[in-house]
Each structure stands twice: as C-alpha cells, then as structure tokens.
Visitor: 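First the structure, then my questions, so here it is.
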Protein chains: 2
Amino acid sequence: MSVSDQPMRVLRPEKTLRELALEKMRDAIVNMHFRAGDRLVERDLCDQLGVSRTIVREVLRHLESEGLVAILPNRGPIVAETTPEEARQIYEIRGALEGIAAKACAAQKDPRVVAELERILGRIRAAYAANELPAVLTATTDFYRTLFENSGRHVAWGIVNSITARINYLRSMTIKTPDRDKQGPAQMQRIIDAIKAGDGAAAYEAANVHVKNAAAIAEALLAEQQDATAR
Amino acid sequence: MSVSDQPMRVLRPEKTLRELALEKMRDAIVNMHFRAGDRLVERDLCDQLGVSRTIVREVLRHLESEGLVAILPNRGPIVAETTPEEARQIYEIRGALEGIAAKACAAQKDPRVVAELERILGRIRAAYAANELPAVLTATTDFYRTLFENSGRHVAWGIVNSITARINYLRSMTIKTPDRDKQGPAQMQRIIDAIKAGDGAAAYEAANVHVKNAAAIAEALLAEQQDATAR
DNA sequence: GGTGATAATATGGTATCCCATAATACGCAG
DNA sequence: CTGCGTATTATGGGATACCATATTATCACC
C-alpha cells in the first residue's frame, strides 16, 4: 500500500445530532445533574438540549433500554433509581464478567497488554495522589476497557459499561472511602501480576475480589445512608 | 381481604402502540422475517406496521440499543448480523450468568422452585416428543426465567434475555440437532437435581455445561455453514 | 463504453398539529 | 373550613407535513 497500513479511509466523524444529545443526556443523569425520580419533561428537554422533540423522545427510549430512565405509564419518563438490591446484582454481574476478561487476558499473556494496564494503573495512582477523583473514575474505566477489549470481549464490555453507568454515584462514593487509594490499586496490581504470570485462575479471582470489595463498600455506604435518613 | 389475594388491582394492560410495534418488530427480526443486512426503510415500516414514523423511529432506536438493529450513517437502519465471534461471546456470558442463577437457586433450595422447574422440564420433553420446536424454545426460556427470577437475579435476566434474542436463529438450529432432545433435557435435569440437593457448585457447573454444549453445537453448525458457502 | 449531469430515494431532523389523561386549581355547597 | 365536583393545564402518545442533505440509479453524450 502506498501511504500507510489503513490508508485512504475518508473518515466520517460526523456524529448525528441524536448521538450528541444521547451523550449529553446520559452524562447529565450519570453525573447527577438530574436526580433519581426527577421527571424528564420532553418539551423542557427540547429547550435545554436545543433539539426537536423527535430527538428527545428517541434519546429517552434509548436511555430507557439502558436502564437509566424509567417510563411511567401516562406520566412519562423519570430518572430511574437504582435500588440497593439492583446495585448488588450489578456488582455481581461485573464480578463475573470482569473475572472472565481477566482470565482471558492471562491466557493470552500479551506483554503489550500488561504494559498498557500498568500504564493505566500508574494514572490511577497519580490521580489518587492528586486527589482528582473524576480522573480516578475514568482511568479505572480505561483499565477495565483494556481488559475486555484486548481479550476480545466486546459484547461483555458493552454490557458492563451500560450497567456500570447505573451505579456511577456509588462508584464515586466508594473511591473516596478511606484507604481505597491504597487498596484499590493494590488489588488491580494483583490482577496485572496474575496476567503477567499467565495464571488465569488467579486473574479471575483477583478481578472478582476487586469488585467484591467495591460492592462491600457500596453496601456499607448504602446501609449508613439509609440509617441516617431513617433517624 | 375481601375478594382475592391480589385484589383491587386496577390493572392497566393498555400497552402503548409503541410497545406493540416494538414487540412486532423484534419478533419479526428474531424470527427471521427480515434477514441480516436487510435495510429497514422507515416509511416502509410505517406502512407495514400501520403506525407513524415517530413510533417507527423510536422502535428502531430501541432495537439498536438491544443490538438487533445497526444504523449506518446516512444510510439508515439495517438488521444487525451477529457474527460467529459475537455468538461465542454471548454463549460465554450466558454460561456465567446462568451459572450464577443456578447456584443461587441451589442455595435457596426452595421446593416450590424445584417443582416449577420440573414442571417446565416436563413441557420441554413433551414439546420435543411432539416435535414442536417453537414450544421447546419458549419452554426453555421459561426454564431459565424461573431460575433467574426466583433467585432475585432480575438484572441478569434482563441481560440474558436481550442477548439471547441475538442468537435466536442459532437456538432454533441447535435444538433440532440429533440427540439434542435427549441430551438437552438430561442436562437440565442435572441442574434441577443439584438445586434439589442444595449443591451450589454442582448447579453452577451443570448450568455451565448445558450452555457450553449448546455453544459447541452452534459453533459446529456455523463452521459447516461457512464451509458450504465457501465451496 | 466510460463520464458526468440529473432524477429518484431515503435519511436526519424540524415544526406543528391532534387527542387523551393525570394532576392541579378552583369554586361551591354544607 | 371542609369536602366534593368541575374546569384548567401540563404533558405524554401519536400523526403529518416539510426541508436539507446524502446516496443511488438513470441516462444522455462524447
């Protein structure tokens, strides 16, 4: 080929308006600009997003099927609330799927993937050190994306990504728990070590432990929170 | 209470037109009335479904997020095709999640659930005996739904349900494989037995084996099919 | 028989309609 | 001032008509 390995590809980044609106809305929900139970009035969203009602409705349907929005019959869309029980289930599913991805990475034992994971873990540690919590979240997401995509688990990654959005507020709570800045990275390091050693079972286990820990912290937070509101 | 156990519930079955259209479209895709890669022209679907473009678009977006429809930029929606590799991933995910559900059922060891599962397995055997393959599929779905919902794994069930739609054609192929009428039910019986015995590990394993077997059959079918077209 | 202009399709998106209903405000009688 | 029925409003569910743009098919011309 004449220029490069993937040449002549006239890329078409033109995202459609609908996709942009979707991302904006998802961000807004995930980052709690709307609160659970808030009504999402279609015509208001049209104004806020600057798009037509058609688009808004399509976006709302999409978010509904992602579980971020619930639609009440004859009342319309609201921001879905994720119950503690659902959060538990989501952590369980993540544990299983991330375990599978980690195990598959260990089976491949690709040094480039290991290097990439270590680089990202470095970013996570740095973000903790600088107390930049949002950066911790995005880097952690990158860590798992690397795990999934480099083991060819695209479908599972899609699922994990989508259910994780529903517990984003819990994630941002758990990472600011005392000691999490040490324990979290340490657990991720164990995943990397197991992959480096090609030990699938250990990688599965390490990924599982990491999620289980996060789940336990989240559960404690929720219990505490409930306790506070009950009083 | 005055009338029955779940009384006074003013049920509101009024499904919205959009939901009806969604189900019709999903059925049409899952049952191969449209073929993979077929274009789904919005205005044509309006005619065929007898609804407005508003509805059709919302339905298409919804199906897109379920992975049944893909949307090409400036060309519009087509029926998504599930590659063999994606099918492999889907079977893997199902194995993990159904294993979890089976294990949880074993932990509960609820005799009513066991009875329900045995009743459904009876339906599956009967459907096989009568050579009613579609009934086999729906009963099998019921079997797993029972497993998931009685162990409180609603989120996982939603995921399994949605990804399973994408491999429906494989499911309908695998169940008409020779001997599957004996082996399938036998494997499901082992799941039930493990639950009855309260043996979580065995239940996990049995559920996993069942899915793995289906995956292996599917893979063989796909290889055969590819072989035929290549020649 | 290619090449380029043209016409036909179809999407992405908008702007307005209409109707049904749930929630609220309102107003009246006791 | 309390309870009840009614009017109003807000909003969702749905349908149309329309525009701009991009793709595809057609076709005439050299």
Side-chain angles (χ1 to χ4, degrees), chain A residues 8-26 28-29 33-81, chain B residues 8-26 28-29 33-81:
Chain A
M8 301 312 304
R9 189 57 150 290
V10 178
L11 50 91
R12 183 197 322 248
E14 287 182 46
K15 291 213 187 178
T16 148
L17 201 50
R18 177 171 48 82
E19 286 172 288
L20 296 174
L22 175 60
E23 284 164 25
K24 271 241 184 306
M25 274 297 296
R26 185 166 25 217
I29 293 176
H33 292 139
F34 298 105
R35 301 218 283 174
D38 279 3
R39 292 191 64 180
L40 298 169
V41 177
E42 294 178 1
R43 287 161 172 98
D44 290 355
L45 293 175
C46 292
D47 293 346
Q48 289 171 41
L49 293 170
V51 297
S52 74
R53 218 177 131 207
T54 311
I55 307 283
V56 168
R57 291 179 60 161
E58 288 174 3
V59 166
L60 288 172
R61 301 318 166 207
H62 196 115
L63 293 173
E64 180 197 10
S65 73
E66 283 183 23
L68 288 175
V69 161
I71 295 184
L72 307 178
N74 288 320
R75 294 228 47 211
I78 62 172
V79 177
E81 60 181 323
Chain B
M8 302 313 305
R9 189 62 148 292
V10 179
L11 49 91
R12 183 200 315 250
E14 287 182 47
K15 291 212 187 179
T16 145
L17 202 49
R18 177 170 49 83
E19 286 173 289
L20 296 174
L22 175 60
E23 285 165 26
K24 272 241 185 307
M25 274 298 295
R26 185 168 21 220
I29 292 176
H33 291 141
F34 298 105
R35 301 215 283 173
D38 279 4
R39 292 191 65 179
L40 299 169
V41 177
E42 294 178 0
R43 280 148 174 111
D44 291 356
L45 293 175
C46 293
D47 294 346
Q48 288 170 42
L49 293 170
V51 298
S52 75
R53 219 177 129 213
T54 313
I55 307 285
V56 169
R57 289 182 61 160
E58 288 174 31
V59 166
L60 288 172
R61 302 317 166 208
H62 195 116
L63 292 172
E64 180 198 10
S65 73
E66 283 182 23
L68 288 174
V69 161
I71 295 182
L72 308 178
N74 288 319
R75 297 225 44 214
I78 63 172
V79 177
E81 58 181 323

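Per chain, numbering begins at 1; letters A, B, ... match sequence-line order.
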Visitor: Any chance you could lay out the side chain to side chain contact (heavy atoms under 4.5 Å, CB included) test for B/H62 and B/M25, step after step, and finish with the verdict?
Guide: CA-CA 11 Å; B/H62 195 116; B/M25 274 298 295; over 6 Å; no
Visitor: Give me each pair satisfying salt bridge (Lys or Arg N to Asp or Glu O under 4.0 Å) with a member in residues 40-50 of chain A, each pair once, sequence neighbours excluded.
Guide: A/E42-A/R53
Visitor: State which residues pass side chain to side chain contact (heavy atoms under 4.5 Å, CB included) with A/A70; sequence neighbours excluded, sorted by chain then number.
Guide: A/I78, A/A80
Visitor: How long is the line joining CD1 of B/I78 and P of D/dT24, in whole Å?
Guide: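 In whole Å, D/dT24 P lies 12 Å from B/I78 CD1.
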Visitor: What string of B, S and - do you get for nucleotides 12-20 of chain D 5' to 3' if you count protein non-hydrogen atoms under 4.0 Å?
Guide: BBBBB-B--
Visitor: Atom CG of A/L45 to atom P of D/dA10: distance rounded to whole Å?
Guide: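 Atom CG in A/L45 sits about 17 Å away from atom P in D/dA10.
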Visitor: In chain order, what residues pass the side-chain hydrogen bond (donor to acceptor under 3.5 Å, both in side chains) check against A/Q48, with sequence neighbours excluded?
Guide: none
Visitor: Holding to side-chain hydrogen bond (donor to acceptor under 3.5 Å, both in side chains), I want the full list of residues that pass it with A/E19, two or more places apart in sequence or in another chain.
Guide: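 Partners of A/E19 by the side-chain hydrogen bond (donor to acceptor under 3.5 Å, both in side chains) criterion come out as none, since no residue qualifies.
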Visitor: Tell me every residue that passes side-chain hydrogen bond (donor to acceptor under 3.5 Å, both in side chains) with A/S65, counting only those two or more places apart in sequence or in another chain.
Guide: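 A/S65 satisfies side-chain hydrogen bond (donor to acceptor under 3.5 Å, both in side chains) with B/S65 only.
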Visitor: Sequence neighbours excluded, which residues qualify as side chain to side chain contact (heavy atoms under 4.5 Å, CB included) partners of B/A28?
Guide: B/H33, B/F34
Visitor: Polar atom pairs between nucleotides 5-7 of chain C and protein, under 3.5 Å, N or O only, would you list them?
Guide:
none

Visitor: Can you name the side-chain hydrogen bond (donor to acceptor under 3.5 Å, both in side chains) partners of A/E64, sequence neighbours left out?
Guide: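 Not a single residue meets the side-chain hydrogen bond (donor to acceptor under 3.5 Å, both in side chains) criterion with A/E64.
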